[in-house]
Number of protein chains: 2
Amino acid sequence: MKSTIKHDCRDELHNAKLRVTPARLGVLAMLEHADMPVDVSMITDYLKKQKIPVNEVTVFRILNTFTDKGITKPIQLNEGKLRYEYANKAKHHHFICEKCKTITDVEGCTVEALERQIEKTSGGKVTRHSLEFFGLCRRCVS
Amino acid sequence: MKSTIKHDCRDELHNAKLRVTPARLGVLAMLEHADMPVDVSMITDYLKKQKIPVNEVTVFRILNTFTDKGITKPIQLNEGKLRYEYANKAKHHHFICEKCKTITDVEGCTVEALERQIEKTSGGKVTRHSLEFFGLCRRCVS
DNA sequence: TTGACAAATGCAAGTAACTTGCATATACTT
DNA sequence: AAGTATATGCAAGTTACTTGCATTTGTCAA
């Protein structure tokens, strides 16, 4: 009996016309398991613990492929490296604690009005924005 | 008779307790001259044209020093490298054309309300945010 | 079930942005 | 004008990421 989660992951790969490999299933499992955007070394470490040793190069390639297929989304948090999360998550932004580096999702975005205003002012078209908040989380603020 | 601009730059360096060198004056001139955030290679190229040949390493160091002293501010536009602009510019965000890469300033920010909301929800403290808009500028949109 | 072939992976090497160590050169102080 | 701290250049190192190429492995058709 296959686990439900694994089956979902297989479907996800089939839908994207990608072959089902241990490395890809492992990356998908990691993304489900994680509660914040993850970077390549976090994924590699996780896979090693799961006894699915995968070369870092392969993880980079898997994430690029997933992103091309719209499965994952790169997140740039000004760390000098990219993180990734599922692309189909509800639209949200991130709040990064500058002390403990915890990343929490921020729901609700009030930026659309500003986008319309930019379009009026500039005569162009705004297709997306990136917005991140930095500060101290509850545990670090005191 | 020294030019006014150059004299301003000298003052800026003196105020920051930094020595006045051709390389630093050149970087400051470039920042004044540019109408969008600039990266290290743009600065290096500009200095070469001005017959102030400066090693890239030195430009990196100058920008780090300026940023430490609060003269410049690093701008991350998800390009895999940093740009810099004067830190004392009025608070603003950027609108990047994904086709021609032109960067224009966006005045007016409606994000403060969202920051207060995050603080209430999370119990933490938001100290800054980064917000960039991507799309097509007027000339590229048609 | 098998065998062929495209696709995925590993390894080594390459790249780009940025940093660091150290020797030399230069700006500022007196 | 000289002494000294600071700035710079050069070479090498680092980190995140990419690429080329040989090998392995999924998948699909027979």
Side-chain angles (χ1 to χ4, degrees), chain A residues 2 6-7 9-28 30 37-45 47-48 50-69 71-84 101, chain B residues 2 6-7 9-28 30 37-45 47-48 50-69 71-84 101:
Chain A
K2 280 169 189 159
K6 263 211 169 159
H7 191 248
C9 290
R10 302 180 87 88
D11 283 353
E12 201 156 11
L13 292 172
H14 283 139
N15 293 340
K17 300 205 203 320
L18 295 175
R19 291 187 175 174
V20 177
T21 67
R24 284 176 176 165
L25 289 175
V27 172
L28 289 177
M30 170 62 175
V38 291
D39 65 30
V40 167
S41 73
M42 293 165 77
I43 295 174
T44 308
D45 291 352
L47 294 181
K48 196 173 294 166
Q50 301 295 311
K51 306 285 187 234
I52 317 170
V54 174
N55 194 294
E56 277 214 334
V57 174
T58 301
V59 177
F60 277 110
R61 276 196 274 232
I62 288 174
L63 291 168
N64 284 341
T65 305
F66 283 2
T67 302
D68 287 348
K69 298 289 185 180
I71 297 172
T72 54
K73 191 169 66 165
I75 309 285
Q76 169 65 263
L77 300 179
N78 303 359
E79 302 168 295
K81 69 185 169 190
L82 291 174
R83 290 173 181 257
Y84 292 84
K101 308 301 176 194
Chain B
K2 282 168 188 161
K6 264 212 169 157
H7 190 249
C9 290
R10 302 180 87 89
D11 283 354
E12 201 155 11
L13 292 172
H14 283 139
N15 293 340
K17 299 205 202 322
L18 295 175
R19 290 188 176 173
V20 178
T21 67
R24 285 176 176 165
L25 289 174
V27 172
L28 290 177
M30 169 64 173
V38 292
D39 64 30
V40 167
S41 72
M42 294 166 76
I43 295 175
T44 309
D45 291 353
L47 294 180
K48 197 173 293 168
Q50 302 294 311
K51 308 284 187 233
I52 318 170
V54 174
N55 195 294
E56 279 214 332
V57 174
T58 302
V59 177
F60 277 109
R61 276 195 274 231
I62 288 174
L63 290 168
N64 284 340
T65 305
F66 282 2
T67 301
D68 287 348
K69 298 288 186 178
I71 297 171
T72 54
K73 190 170 65 166
I75 310 284
Q76 169 65 265
L77 300 179
N78 302 1
E79 305 168 294
K81 67 184 170 189
L82 291 174
R83 290 173 181 257
Y84 291 85
K101 307 302 175 194

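Naming convention: chains lettered A, B, ... in sequence-line order (proteins, then strands); numbering from 1 in each chain. Not measured: the values here are computed from a predicted model.
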Taking only N/O atoms, report every protein-nucleotides 5-8 of chain C pair under 3.5 Å with atom names and distance.
residue : atom : partner : partner atom : Å
C:dA6   : N3   : A:R19   : NH1          : 3.1
C:dA6   : N3   : A:R19   : NH2          : 3.3
C:dA7   : O4'  : A:R19   : NH1          : 3.2
C:dA7   : O4'  : A:R19   : NH2          : 3.4
C:dA8   : OP1  : A:R24   : NH1          : 2.7
C:dA8   : OP1  : A:R24   : NH2          : 2.9
C:dA8   : O5'  : A:R24   : NH2          : 3.2

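For the OP1/OP2 pair of C:dT9 and a distance below 4.0 Å, the side-chain nitrogens and oxygens of A:N55 include no atom meeting the criterion.
The distance from the CG atom of B:L18 to the CZ atom of B:R24 is 4.5 Å, given to the nearest 0.5 Å. The CG atom of A:L28 sits 11.0 Å away from the CG atom of A:D11 when rounded to the nearest 0.5 Å.
With sequence neighbours left out, B:K81 forms a side-chain hydrogen bond (donor to acceptor under 3.5 Å, both in side chains) with B:D39. With sequence neighbours left out, A:E56 forms a side-chain hydrogen bond (donor to acceptor under 3.5 Å, both in side chains) with no residue at all. Taking B:L82 as the reference, B:P74, B:Q76, B:Y84 meet the side-chain contact (heavy atoms from CB on, under 4.5 Å) condition, with sequence neighbours excluded.
Between B:P22 and A:V59, the residue anchored nearer the 5' end of DNA chain C, judged by the nucleotide with its closest heavy atom, is A:V59. Residue B:L82 is the one, among B:V20 and B:L82, whose nearest nucleotide of DNA chain C lies closer to the 5' end (criterion: closest heavy atom).
Side-chain atoms of B:R10 do not come within 3.5 Å of backbone N or O of B:V20 as any donor-acceptor pair.
Using a 4.5 Å cut-off on side-chain heavy atoms (C-beta onward), B:L13 and B:T21 make no contact. For the pair A:F60 and A:N55, the minimum side-chain heavy-atom distance is 4.5 Å or more. The side-chain heavy atoms of A:T72 and A:I62, taken from C-beta on, include no pair separated by under 4.5 Å.
Recorded end-axis angle for the helix from C:dT1-D:dA30 to C:dT30-D:dA1 stands at 30°, based on five pairs per end and rounded to 10 degrees.
Atoms NZ (B:K81) and C1' (D:dT15) sit 18 Å apart, rounded to a whole Å. Whole-Å rounding puts the A:K48 NZ to C:dG10 P distance at 12 Å. Nucleotide D:dT18 holds its P atom 10 Å from the CG atom of A:L63, rounded to whole Å. When the P atom of C:dA17 is taken as reference, atom CE of B:M42 falls 13 Å away, rounded to whole Å. At whole-Å resolution of the value, OH in B:Y84 and C1' in C:dA17 are 10 Å apart. What separates CD of A:Q76 from C1' of C:dA17 is a distance of 13 Å, to the nearest Å. In this structure, A:E79 atom CD and C:dC18 atom P are separated by 15 Å, rounded to whole Å. The distance between atom CG of B:N15 and atom P of C:dC28, rounded to the nearest whole Å, is 14 Å.
No contact: B:P74 has no heavy atom under 4.0 Å from any strand.
Closest heavy-atom contact between B:A23 and B:L47: O-CD1, 4.4 Å. Closest approach of B:C9 to B:L25, counting heavy atoms only: CB-CD2, 3.7 Å. Minimum interatomic distance between A:M42 and A:M30 (heavy atoms only, all atoms of both residues): O-CE, 3.7 Å.
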TODO: Between protein and nucleotides 19-24 of chain C, map the contacts as a letter string: B base, S sugar-phosphate only, - none, heavy atoms under 4.0 Å, written 5' to 3'.
DONE: BBB---

